[in-house]
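Note that this is a predicted model, so its numbers are computed, not measured. Numbers restart at 1 for each chain; the letters A, B, ... are given by sequence-line order, proteins then strands. These values consider heavy atoms only, across backbone and side chains, with no hydrogens, waters or symmetry-generated copies.
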Amino acid sequence: VRQLETDPIFNSGRGSALTAKGTVEMEASIMDGTKRRCGAVSGVSTVKNPVSLARLVMEKSPHSYLAFSGAEEFARQQGVEVEDNEYFITPDNVGMLKLAKEANTIMFDYRIPTEKCAGLESPVKMNGLPISVYAPETVGCVVVDSQGRCAAATSTGGLMNKMSGRIGDSPLIGAGTYACEVCGVSCTGEGEAIIRGTLAREVAAVMEYKGLGLQEAVDFVIKHRLDEGFAGLIAVSNKGEVAYGFNCNGMFRGCATENGFMEVGIWE
Amino acid sequence: MCHSSETPMRLVRELETNPLFNSGRGSALTAKGTVEMEASIMDGTKRRCGAVSGVSTVKNPVSLARLVMEKSPHSYLGFSGAEEFAREQGVEIEENEYFITPDNVGMLKLAKESNTIMFDYRIPTAENGKSPLKMNGLPMSAYAPETVGCVVVDNEGRCAAATSTGGLMNKMSGRIGDSPIIGAGTYACEVCGVSCTGEGEAIIRGTLAREVAAVMEYKGFGLQEAVDFVIKHRLDEGQAGLIAVSSKGEVAYGFNCNGMFRGVATQDGLKEVGIWK
C-alpha cells in the first residue's frame, strides 16, 4: 500500500482527493488477522505514507485509532517521513476539485470506468443529498501467507470536495478493513454505504456464522448488504482463496502469488 | 412524527449534561488536560448513521452526530471539521473549560503520576483495583469506562442506538475509541439496537455492536442469547459491556467485568437500575 500511496495516480498519499478547502486529509487502517490487532489514522495531512502510520499506531501506541493533530504529533514522535501538504496535491486533482465545485457536488473520479462517456448525466444521491460522482480509487491490499494468516490494509484521500473533517470507511475497522482468522478484506466505494453495511466484517461474519466459503460470502455481502450504494471489495481466505466483488461497472484490481502468477482486472 | 433516533438522542443529551458521567460535561481528559468528545447515533430503520469525534466545544456531541446524519452528505466528521459544522448548524457551544470538572482534573493528575491510562475509581471493583491491567500490551492502571449510551425500541419494533463519551482518561490527543464507530460502539438495524462501553480497543477489534445483530441474523439467536454469545466469544482480551433491545421489545445487557451501571424504562412506567450481575 506504501507503493500505491506514493504513486500519484491513485487516491491515497500523493494524488489523494482534495477537501472542499483544497487540502489533503488522508486516512488508512491496517489489521492483522492473527490476533485481530489493528491500527488506523484519519485526518493526516503531512505524513508521506499514512498506512505506515496506521501500523505504528497498532504497534507503538496504547490505542487503535488516532486522528488529525493528535495523529500528526504521533507521526513526528515516531519520526516517520513527512512532507508539506502541497506534496500530496496533484494538478489533475486540482482540476477535478474545480469541476466539482462548479457542479456543487462531491466529485467522481473520471478515470473510473463508466458505461456512458461523459459521466455526469444522472444525479446520484449519497445520504439523500445530491452528488454527481465520487472518487472511489481508494487503495487496498489483502494478503494471506503460507500458514493461512490473513491481513488487510486500506488507504485513501477520501471523496473529492468532501467537507474538512469527513471520515469515510477506509480507517474504520469492520467497515473498510477487516482481518481475522478466516479472511482478510478491504473495501472501496461509497464510504457511507460501506459504514452502514459494516462491509468488511460482514464477509467474515457470514463465513463464520453461515459457513459460507469466501466467494459465496463476498457475493452474498455485495448483494445483500449494499442497499443504496456502490462499493466493491477484495478478499483472501486462510485457505489461500482470492475473491472480489462489486456492484458498480468496474473495479481496478490485481492479484499476485509467490509462484509468479499475476493478474489484473477492471470489469466483471 | 418522531424519528426513532430522537429518544436515544434526548436521553444521551441528559447524560452528557450531567457531570457525573464520562460524556459532555464531566468527560475524561486527554493527556493535555483538554476534552475531546465523540458520539454516534444510528437509526435501525434504514441503518442511517451519524458520528463525530474530537469535539471540544459542542455542549451535546450526540446532537451534533444526529445533525451529521441528517444535514450533511457524510456519516462521520472529526475534529476541526466537526467544530466548523457545529457552528454552521448553530448548536450550543461552550468553552472547553465548561466540560472539565475538578474530579477529573484530580484523576488526570493521578493517572500521570502512575504514568498510565486511568481507571475511573467509581467503577465497582471486587478488589481495590491494584493489579496492573494491560491494554494493547502497554501497561495501564485502569480506564474510565463510563461512556453513556441508550438503546430504544418503539411500539412498531423500530430500534435505535446512541453512544457518547469523553474517552479514556489521559488518552493521547487524537485518540478515537469505539463510541463513534458504527459497528463497534453503536449499531442499530431492523432486528436490534446496541450500545457498548468498556475498553475501546477490544470493542473495535470485536466489532461488538454489529456482532449482536449478526448472530441474530445469521445464527437465528434471540436477543439475550446473542448478547451472551458476543460477550463470551468476541471479547478475547478486554473488558466491556453492552445494552441492547430487539425489534420484539426485548431488553438485554451483558458485560464481562464486575459491574456496569444501567437502567431500563418502559412507557408502562417500569423503571429499573442495576450495577452488578
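Across A:Arg36, A:Glu73, A:Glu208, the residue that shares the most heavy-atom pairs under 4.5 angstrom with chain B is A:Arg36.
When side chains are defined from C-beta on, A:Met163 counts as touching B:Pro73, because their heavy atoms get closer than 4.5 Å.
Here the CG-CD1 distance, from A:Leu66 to B:Ile176, works out to 8.0 Å after rounding to the nearest 0.5 Å. In this structure, A:Lys162 NZ and B:Ser72 OG are separated by 13.0 Å, a value rounded to the nearest 0.5 Å. Note: A:Tyr65 OH to B:Glu38 CD = 9.5 Å, rounded to the nearest 0.5 Å. Considering OH of B:Tyr76 and CG of A:Leu172, their distance stands at 6.5 Å, rounded to 0.5 Å. Separating the NE2 atom in B:His74 from the CD atom in A:Glu192 is a distance of 6.5 Å, to the nearest 0.5 Å.
When all heavy atoms of A:Met31 and B:Arg205 are compared, the closest pair comes out as CE-O, 4.2 Å. Residues B:Cys49 and A:Ile195 approach most closely at SG-CG2, 4.2 Å, considering heavy atoms.
Contacts between B:Glu83 and chain A at a heavy-atom distance below 4.5 Å are absent for every atom of the residue. Using a 4.5 Å cut-off between heavy atoms, B:Lys46 contacts chain A through both its backbone and its side chain. The part of B:Arg210 that comes within reach of chain A is its side chain, from C-beta onward, which places non-hydrogen atoms under 4.5 angstrom from that chain. The contact between B:Ile181 and chain A is made entirely by side chain atoms (from C-beta outward), counting heavy-atom distances below 4.5 Å. Residue A:Ala175 does not touch chain B at all, counting heavy-atom pairs closer than 4.5 Å.
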Name each donor-acceptor pair under 3.5 Å that joins a side chain in residues 209-221 of chain A to protein atoms two or more places apart or in another chain, with its distance.
| from | atom 1 | to | atom 2 | distance (Å) |
| --- | --- | --- | --- | --- |
| A:Tyr209 | OH | B:Glu211 | OE2 | 2.7 |
| A:Gln215 | NE2 | A:Asp219 | OD1 | 3.1 |
| A:Glu216 | OE1 | A:Gly213 | N | 3.3 |

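No more than 12 heavy atoms of other residues, nucleotides or ligands sit less than 6.0 Å from atom CD of A:Glu181.
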